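Worth saying up front: this structure is predicted, and the values here are computed from it rather than measured.
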Amino acid sequence: MSSYFDNKVIWITGASSGIGEALVKELTVNTNAKIILSSRKEEQLYAVAENTGLTHSRYAVLPLDLAHYKSMPDMAGQAIEKFGKIDILINNAGLSQRSLAMETDIEIDKHLMEVDYLGTVALTKAVVPYMIRNGGGQIAVVSSLMGIFGAPMRSGYAAAKHALHGFFDALRAELYNQNILVTIICPGFIQTNISIHALTGDGSLQGTMDDATEKGMPADVFAKKMLYAIEKKKNQKAIGGKEVMGVYLKRFFPALLAKFVRTAKVV
């Protein structure tokens, strides 16, 4: 990793496990960046900071629940108080889904939209004015392949992720002259607990690990590739195994994509 992240303040949501934890580890070992760790699980955030070897001067913990999206201006103000600025915001936190569209209560669709879309958008809107005041910055968004194409059992999740793409593509254009970059990251199968915590049609957790997720890319490998994409200022980057083929099928062979998603489970 180059010195791109050195001397920067990086705010990571969903930092208590999975991709977020892997990002914290990678940045701790290979940069001198200061890191703000956020998620709903305060104790786990401190455990991640301790386990990764972050010194007290390099990190701050800020508990945050994206479902409470109206609180994001206050959360951004608290984050700024920690180190005085935010250079990079990594919107990583979110929820997944495992249920058929017609068997999913509309309140679950609403909750997925509140967490995966509205919470992320509200936090970003709260941070951008500080970045403008500081002369620029970068926003990274962890979307999904489901932000590019839909698949069975993911209707509400795919809808929220598609919405993220529309918003952040527009925001990128609007902030072009403000020296603020936007990078959308689209993971495929990554070895995290995303499927265990995925919501079913009635709002209960699936509670089991999907086979494809268990056999996916290790989170630490993904974190390295994601940070490289951020460093290279990519507009959008899909990262994963053969499931990434769906992106190209969507663009060039949409009929084949329809067959692909009917016969393969995708994240």
Side-chain angles (χ1 to χ4, degrees), residues 1-66 75 79 82-83 85-96 120 123 127 137-144 181 183-197 209-210 213-234 237-241 244 267:
M1 188 181 296
S2 73
S3 60
Y4 180 74
F5 297 98
D6 285 340
N7 304 312
K8 287 183 169 62
V9 176
I10 303 173
W11 188 2
I12 303 174
T13 67
S16 57
S17 64
I19 290 172
E21 181 178 7
L23 290 170
V24 173
K25 288 180 180 178
E26 186 67 17
L27 289 166
T28 299
V29 172
N30 293 303
T31 80
N32 67 7
K34 292 181 170 65
I35 305 172
I36 301 174
L37 295 82
S38 286
S39 80
R40 295 176 299 159
K41 302 173 182 176
E42 185 173 3
E43 290 186 7
Q44 290 187 27
L45 292 172
Y46 281 108
V48 168
E50 181 177 349
N51 293 338
T52 55
L54 274 171
T55 58
H56 289 288
S57 62
R58 284 189 59 192
Y59 82 90
V61 164
L62 182 58
L64 175 152
D65 187 344
L66 288 179
M75 302 307 300
K82 303 295 185 182
F83 295 115
K85 64 174 183 172
I86 303 294
D87 295 298
I88 301 175
L89 170 63
I90 299 181
N91 287 301
N92 169 65
L95 278 173
S96 191
T120 296
L123 180 58
V127 168
Q138 188 168 8
I139 300 161
V141 188
V142 178
S143 175
S144 167
L181 305 169
T183 297
I184 302 174
I185 302 294
C186 303
F189 297 123
I190 311 300
Q191 292 176 13
T192 71
N193 290 331
I194 187 171
S195 61
I196 294 175
H197 297 142
M209 177 73 73
D210 292 343
T213 302
E214 188 173 19
K215 297 173 183 176
M217 179 181 289
D220 59 339
V221 175
F222 173 84
K224 290 181 174 66
K225 292 178 180 291
M226 176 175 167
L227 290 171
Y228 183 76
I230 293 172
E231 178 185 339
K232 294 303 178 182
K233 304 174 182 178
K234 298 288 188 180
K237 179 66 176 179
I239 303 173
V244 172
V267 170

**Q** Taking atom NZ of Lys224 and atom CE of Met217, what is their separation to the nearest 0.5 Å?
**A**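 Interatomic distance, Lys224 NZ to Met217 CE, rounded to 0.5 Å: 11.5 Å.
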
**Q** Do Ile185 and Phe222 have side chains that approach each other closer than 4.5 Å (heavy atoms only, starting at C-beta)?
**A**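 They are in contact (side-chain heavy atoms under 4.5 Å apart), so the answer is yes.
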
**Q** Is the shortest side-chain heavy-atom distance between Met209 and Asn193 below 4.5 Å?
**A**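 Yes, at least one pair of side-chain atoms sits under 4.5 Å.
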
**Q** Would a 4.5 Å heavy-atom cut-off, applied to side chains only, mark Ile86 and Ile36 as touching?
**A**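 They are in side-chain contact.
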
**Q** Indicate yes or no for a side-chain donor-acceptor contact from Ser143 to the backbone of Ile184 under 3.5 Å, with no hydrogens or angles considered.
**A**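 Between the backbone of Ile184 and the side chain of Ser143 there is no qualifying donor-acceptor contact (under 3.5 Å).
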
**Q** For Trp11 and Leu64, run side-chain contact (heavy atoms from CB on, under 4.5 Å): C-alpha distance rounded to whole Å, both residues' side-chain angles, the deciding distance at 0.1 Å, then the answer.
**A** CA-CA 12 Å; Trp11 188 2; Leu64 175 152; 3.8 Å; yes

**Q** Answer yes or no: is there a donor N or O on one side and an acceptor on the other, between the side chain of Ser195 and the main chain of Asp210, under 3.5 Å?
**A**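 The answer is yes, because a donor-acceptor pair under 3.5 Å joins these two groups.
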
**Q** State the OG1-CD1 distance between Thr13 and Ile19, to the nearest 0.5 angstrom.
**A**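 It comes to 11.0 Å.
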
**Q** Is there a donor-acceptor contact under 3.5 Å from the side chain of Arg58 to the main chain of Ala33?
**A**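 Checked: pair present.
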
**Q** With sequence neighbours left out, what residues match Tyr59 under ring pair (Phe, Tyr, Trp, His ring centres under 6.0 Å)?
**A**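 Only His56 meet the ring pair (Phe, Tyr, Trp, His ring centres under 6.0 Å) criterion with Tyr59.
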
**Q** State, yes or no, whether a side-chain contact exists between Leu54 and Leu37 at a heavy-atom distance under 4.5 Å.
**A**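 A side-chain contact under 4.5 Å exists here.
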
**Q** Do side-chain atoms of Gln191 reach the backbone of Gly216 as a donor and acceptor pair under 3.5 angstrom?
**A**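 Pair found, side chain donor or acceptor close to backbone of Gly216.
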
**Q** If you round to the nearest 0.5 Å, how far is CG of Leu23 from CE of Met226?
**A**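 With rounding to 0.5 Å, CE (Met226) is 5.0 Å from CG (Leu23).
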
**Q** Any heavy-atom pair between the side chains of Thr52 and Ile35 that's under 4.5 Å?
**A**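 Not in contact.
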
**Q** Can any side-chain N or O of Asn92 pair as donor or acceptor with the backbone N or O of Ile12 at less than 3.5 Å?
**A**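 Pair absent, no side-chain N/O of Asn92 close to backbone of Ile12.
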
**Q** Is the closest side-chain heavy-atom distance between Phe5 and Glu26 below 4.5 Å?
**A**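 Answer no - side chains too far apart.
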
**Q** To the nearest 0.5 Å, what is the distance between OG on Ser144 and CD1 on Ile194?
**A**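 Here the interatomic distance stands at 6.5 Å.
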
**Q** Taking atom OG1 of Thr183 and atom CD of Glu231, what is their separation to the nearest 0.5 Å?
**A**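 Reported to 0.5 Å precision, the distance equals 11.0 Å.
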
**Q** Stepwise, does the side-chain contact (heavy atoms from CB on, under 4.5 Å) test hold for Thr31 with Leu227?
**A** CA-CA 11 Å; Thr31 80; Leu227 290 171; over 6 Å; no

**Q** Could you pull out all donor-acceptor pairs under 3.5 Å where a side-chain atom in residues 40-51 meets a protein atom, sequence neighbours excluded?
**A**
from: Asn51; atom 1: ND2; to: Ala47; atom 2: O; distance (Å): 3.1

**Q** Is the NZ atom of Lys234 crowded by more than 12 outside heavy atoms at less than 6.0 Å?
**A**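 Not buried by this count: 12 neighbours or fewer within 6.0 Å.
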
**Q** Mind checking whether Val244 and Ile239 have side chains closer than 4.5 Å, heavy atoms only?
**A**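 In short, these two side chains do not touch, never coming nearer than 4.5 Å.
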
**Q** Keeping Asp87 on the side-chain end and Ile10 on the backbone end, is there a donor-acceptor pair under 3.5 Å?
**A**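 No, Asp87 side chain to Ile10 backbone: no donor-acceptor pair under 3.5 Å.
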
**Q** From Ile190 CD1 over to Asp220 CG, what is the distance, rounded to the nearest 0.5 angstrom?
**A**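 If we round to the nearest 0.5 Å, Ile190:CD1 and Asp220:CG are 10.5 Å apart.
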
**Q** Show your working on side-chain contact (heavy atoms from CB on, under 4.5 Å) between Val127 and Ile139 and close with a plain yes or no.
**A** CA-CA 9 Å; Val127 168; Ile139 300 161; 5.9 Å; no

**Q** A quick test of your reading: do over 12 heavy atoms of other residues, nucleotides or ligands sit less than 6.0 Å from NZ of Lys82?
**A**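 More than 12 heavy atoms, drawn from other residues, nucleotides or ligands, come within 6.0 Å of this atom.
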
**Q** Which residue pairs pass the salt bridge (charged side-chain N to carboxylate O under 4.0 Å, His left out) test when at least one of the two sits in residues 8-25, sequence neighbours left out?
**A**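 Residue pairs passing salt bridge (charged side-chain N to carboxylate O under 4.0 Å, His left out), neighbours aside: Glu21-Lys25.
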
